Number of protein chains: 2
Amino acid sequence: MQKITINDVAKYAAVSKKTVSRVLNNEANVSDKTMLKVKEAFVALSYRPNPQARGLASNQSFLIGLVYDNPNKSFVSAIQTGALEICNQQGYHLLIHPTDHESPDLLDNLMQLITQSQLDGLVLTPPFSDMKNLLKMLDESKIPYARIAATTDKSTAVSVISNDKKSAYEMTQHLISLGHVDIGFILGHPHHAVTAQRYNGYKKALSDNGLALKKQYIVEGRFDFSSGEKAARNLLGLKKPPTAIFASNDHMAAGVMKVANQKNILLPSQLSIVGFDDSPISEHIWPSLTTVRQPFKLMANKAIEMLIKCIRKEPLEIKFQETESILIVRESSAPHQN
Amino acid sequence: MQKITINDVAKYAAVSKKTVSRVLNNEANVSDKTMLKVKEAFVALSYRPNPQARGLASNQSFLIGLVYDNPNKSFVSAIQTGALEICNQQGYHLLIHPTDHESPDLLDNLMQLITQSQLDGLVLTPPFSDMKNLLKMLDESKIPYARIAATTDKSTAVSVISNDKKSAYEMTQHLISLGHVDIGFILGHPHHAVTAQRYNGYKKALSDNGLALKKQYIVEGRFDFSSGEKAARNLLGLKKPPTAIFASNDHMAAGVMKVANQKNILLPSQLSIVGFDDSPISEHIWPSLTTVRQPFKLMANKAIEMLIKCIRKEPLEIKFQETESILIVRESSAPHQN
DNA sequence: TATTATTTTGACACCGGTATCATTAACGTT
DNA sequence: AACGTTAATGATACCGGTGTCAAAATAATA
């Protein structure tokens with residue numbers, strides 16, 4: 001059970017190692033006959049090219065880095081899975097790289113990661129997908145990269161675009177159609193580009209329905225549970241509290257739910273609560289949470305596919321892809337009661 | 001900004017490349033004087049050895065695989081973080097490998113992963129840490145591996161052992177000291193070795209306190225939310241339901257909580273619910289969950305440290321390390337009311 | 001001091017692939 | 001048939017390190 005190398009294959013197929021290499025890399029100008037011979041040798045010897053050697057010779061690493069924000073765990077798992085699927089299939093390895101997006105030496109750290117690990121490419125997830133200084137650095141460094149769930153297509157990099165504005169619009173529309181008029185909104189973390197998107201969707205739905213935007217119903221948040229609690233205490237402490245609260249993500253919605261429970265507000269009859277992201281928690285709290293599901297796994301699939309094409313310098317028809325999110329109506333949103 | 005190779009360093013330090021290599025690998029028999037010269041050259045040129053070349057020449061990959069069960073997300077994040085810390089620091093890359101532990105061709109898949117990716121080592125998390133056939137295969141394949149949160153130390157591999165029995169004992173003791181006598185217990189997934197451990201801790205605490213073990217209070221579960229719901233309907237439907245429920249993990253405890261809410265049982269006054277794992281959800285539900293926190297990050301640290309020593313064939317004093325779990329008392333456990 | 005044992009060092013092959021470029025084979029053309 | 005052109009193939013250097021082994025330098029011993 002010794003290792004099979006390209007030389008063994010070459011000997012077996014009675015060709016030179018360079019020809020084997022050609023077949024391996026689908027290079028042109030190999031006759032069908034020899035191609036067949038070599039491919040037979042592959043299976044006969046169950047040959048696996050050595051990635052190290054390949055990398056050394058061709059100055060590649062077959063490594064792709066996945067950058068995500070440390071505390072933000074809800075969608076990371078799905079993205080990891082989706083990214084891995086394509087990586088494995090295409091012979092790349094995925095290196096995960098949790099980072100704090102507020103770290104002052106973020107750029108240096110990433111640059112070091114790239115050079116030190118000799119990454120072939122990088123995948124960015126929110127909020128990195130929209131960090132202008134980061135994108136600029138990457139553009140200058142010439143490293144191929146892809147963005148997941150980016151909000152704008154004003155980039156040189158391949159991107160999977162999310163339409164959060166549309167989804168937030170639909171969610172707000174859902175609440176309005178349940179009879180709600182006084183709808184509180186909890187903003188996301190200001191560093192995330194989606195924060196503005198979701199807020200804009202909310203605003204547009206209100207105005208399209210002729211409802212006024214009430215300042216006191218818009219409160220700040222930071223995408224985490226405790227900021228949701230804080231925002232809820234704020235909203236539910238108003239003289240005329242809202243009858244529905246749209247939190248910019250599920251964790252904050254869970255925080256709202258906790259506060260509502262503490263205040264003995266009956267859910268969902270006295271207060272509708274909705275979130276965004278379809279985090280695992282959304283199904284595991286009571287009442288279960290109406291939310292928006294984004295196809296993160298699919299987004300990761302597409303991002304990696306495009307990225308690998310970039311790395312291989314294959315022609316790429318489309319640089320921007322959009323995916324569809326869906327509204328998941330569960331128990332936490334109910335008709336408005338007088 | 002061209003790449004700095006070992007030849008550049010050798011030239012700069014006026015030694016042979018082999019000597020540079022020696023310094024790089026901390027080999028013996030290098031005089032202090034030359035060692036210093038070379039190290040100065042390292043910093044002067046800011047040299048980074050090429051992992052590909054290193055790997056090719058020394059038949060290593062500097063890759064470590066992390067195997068975990070796909071749906072089981074609660075502790076994976078902490079383990080990833082802990083593993084990465086040490087990997088980065090020691091110059092290894094971590095390849096994550098989510099898998100279904102019930103997959104029929106699990107062994108083949110893992111074997112393929114090892115050979116194809118040329119992993120230097122493997123880290124197992126529950127339930128893989130205690131799967132005998134898997135351990136046997138790995139032993140035979142001679143690949144170094146480490147086990148995280150294993151329950152037994154009857155293994156040839158380095159392991160971080162968790163003492164779940166003790167923690168479950170303490171948790172049960174906690175409930176008993178709150179005055180509970182009728183304590184329901186929801187078992188974990190039968191494939192997980194910790195399931196028996198936790199159950200044993202529960203049993204021992206009962207018997208040590210002179211309490212009878214009531215069969216109808218022990219129900220099956222599978223570590224997921226819905227099995228917790230099912231178990232809760234079972235327990236809370238009894239003529240004389242328990243006044244406290246100990247679920248073998250937090251997700252199931254959350255399921256219990258949902259059912260209790262649906263049945264309008266006041267929490268925690270009418271029913272105490274406790275879990276295990278300190279999953280993120282435990283803080284985000286209402287009432288927040290009393291649970292057991294295991295130091296997964298630390299466990300991963302230790303596992304990787306030991307694994308890398310194995311890979312490098314360095315002497316290893318201790319093959320088994322135990323870590324301390326702590327009881328986290330939150331809102332969901334309260335004194336028994338008559 | 002001469003001799004032997006032990007460190008320290010370097011020359012060079014080698015790991016398993018790819019890149020370059022020359023060579024050979026196959027194909028049209030006139 | 002002779003020629004030029006293009007396609008197919010291989011010889012060999014090379015990627016950036018490590019392993020082997022012999023040579024040189026140093027230390028230990030007689």
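So you know, we letter chains A, B, ... as the sequences are listed, proteins then strands, and number each from 1. Remember, it's a predicted structure, so these values are computed and weren't measured experimentally.
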K.L.:
Measure CD/B/Gln60 against P/D/dG16 and give the value in whole Å, please.
P.N.:
19 Å
K.L.:
Would you indicate, yes or no, if D/dG17 has its OP1 or OP2 atom less than 4.0 angstrom from a side-chain nitrogen or oxygen of B/Ser58?
P.N.:
no
K.L.:
Ignoring the backbone of B/Leu24, work out which of D/dT20, D/dG10, D/dG17 is nearest its side chain.
P.N.:
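The nucleotide sitting nearest to the side chain is D/dG17.
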K.L.:
Checking side-chain contact (heavy atoms from CB on, under 4.5 Å) between A/Asn163 and each of A/Glu322, A/Glu324, A/Gln294, which is the one that passes?
P.N.:
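Of the listed residues A/Glu322, A/Glu324, A/Gln294, the side-chain contact (heavy atoms from CB on, under 4.5 Å) partner of A/Asn163 is A/Glu322.
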K.L.:
Please report whether the ring centroid of A/His93 lies less than 6.0 Å from that of B/His93.
P.N.:
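No, the ring centres sit 6.0 Å or more apart.
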K.L.:
Closer than 4.0 Å, any side-chain N/O of B/Arg22 to the OP1 or OP2 of C/dT8?
P.N.:
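B/Arg22 to C/dT8 OP1/OP2: no side-chain N or O under 4.0 Å.
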K.L.:
Mind running side chain to side chain donor-acceptor pair (under 3.5 Å) on A/Tyr68 and A/Gln80 for me, showing each step along the way?
P.N.:
CA-CA 10 Å; A/Tyr68 54 88; A/Gln80 285 181 351; 3.3 Å; yes
K.L.:
Would you say D/dT18 has OP1 or OP2 under 4.0 Å from some side-chain N or O of B/Ser21?
P.N.:
yes
K.L.:
Is a donor from one side chain sitting under 3.5 angstrom from an acceptor on the other, for B/Lys3 and A/Asn59?
P.N.:
yes
K.L.:
Between atom CD in B/Gln52 and atom C1' in D/dT18, what is the gap in whole Å?
P.N.:
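About 15 Å, once rounded to whole Å.
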K.L.:
Grab the CG-P distance between B/Asn50 and D/dT18 for me, whole Å please.
P.N.:
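Roughly 10 Å, once rounded to whole Å.
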K.L.:
Could you tell me whether A/Val20 contacts a base, only the sugar-phosphate backbone, or nothing, with contacts defined as non-hydrogen atoms closer than 4.0 Å?
P.N.:
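No contact.
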K.L.:
Taking only side-chain N and O atoms of A/Asn29, does any of them lie within less than 4.0 angstrom of OP1 or OP2 on D/dA8?
P.N.:
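Affirmative; the distance criterion is met.
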K.L.:
Take the protein atom NZ of B/Lys18 and the nucleotide atom C1' of D/dA24, then report the distance between them rounded to whole Å.
P.N.:
17 Å
K.L.:
So if I take every side-chain heavy atom of B/Ser16 and compare against C/dG10, D/dG17, C/dG17, which nucleotide ends up nearest?
P.N.:
C/dG10
K.L.:
Relative to the 5' end of DNA chain C, which residue comes earlier, B/Leu56 or B/Met35, by the nucleotide with the nearest heavy atom?
P.N.:
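Nearest nucleotide further toward 5': that of B/Met35.
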K.L.:
Using distance alone, with no hydrogens and no angle criterion, decide if B/Arg147 and B/Ser159 have a side-chain donor and acceptor under 3.5 Å apart.
P.N.:
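Present: a donor and an acceptor within the cut-off.
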K.L.:
Would the base of D/dG17 count as contacting B/Lys17 through its side chain, where contact means a donor and an acceptor less than 3.5 Å apart?
P.N.:
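Yes.
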K.L.:
Under 4.0 angstrom, heavy atoms only, what part of the nucleic acid is B/Asn7 near: base, sugar-phosphate, or nothing?
P.N.:
nothing
K.L.:
Starting at CZ of B/Arg54 and ending at C1' of D/dG19, how long is that distance when rounded to a whole Å?
P.N.:
15 Å
K.L.:
Tell me the interatomic distance from B/Leu36, atom CG, to C/dT8, atom P, rounded to whole angstroms.
P.N.:
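One finds 15 Å between P of C/dT8 and CG of B/Leu36, rounded.
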K.L.:
For B/Glu27 and D/dT20, give me the distance from atom CD to atom C1', rounded to whole Å.
P.N.:
12 Å
K.L.:
OP1 or OP2 of D/dT18 sitting under 4.0 Å from any side-chain N/O of B/Asn59?
P.N.:
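False: B/Asn59 side-chain N/O out of range (4.0 Å or more) of D/dT18 OP1/OP2.
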K.L.:
Can you identify which nucleotide, out of C/dG17, D/dT9, C/dT8, has its nearest atom closest to the B/Ser31 side chain?
P.N.:
C/dT8
K.L.:
With a 4.0 Å cutoff (strictly under), does any side-chain N or O of B/Thr5 reach OP1 or OP2 of D/dC15?
P.N.:
no
K.L.:
Assign each of A/Ala57 and A/Ala14 to its nearest nucleotide of DNA chain D by heavy atoms, then name whichever residue's nucleotide is nearer the 5' end.
P.N.:
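It is A/Ala14 whose nearest nucleotide is closer to the 5' end.
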K.L.:
From CD1 of A/Ile6 over to C1' of C/dA19, roughly how many Å is that when rounded to an integer?
P.N.:
13 Å
K.L.:
Have B/Asn25 and B/Arg312 got a donor and an acceptor in their side chains that come within less than 3.5 Å?
P.N.:
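Short answer, no.
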K.L.:
If you check the B/Thr19 side chain, which of C/dT18, D/dG10, C/dG10 turns out closest?
P.N.:
C/dG10
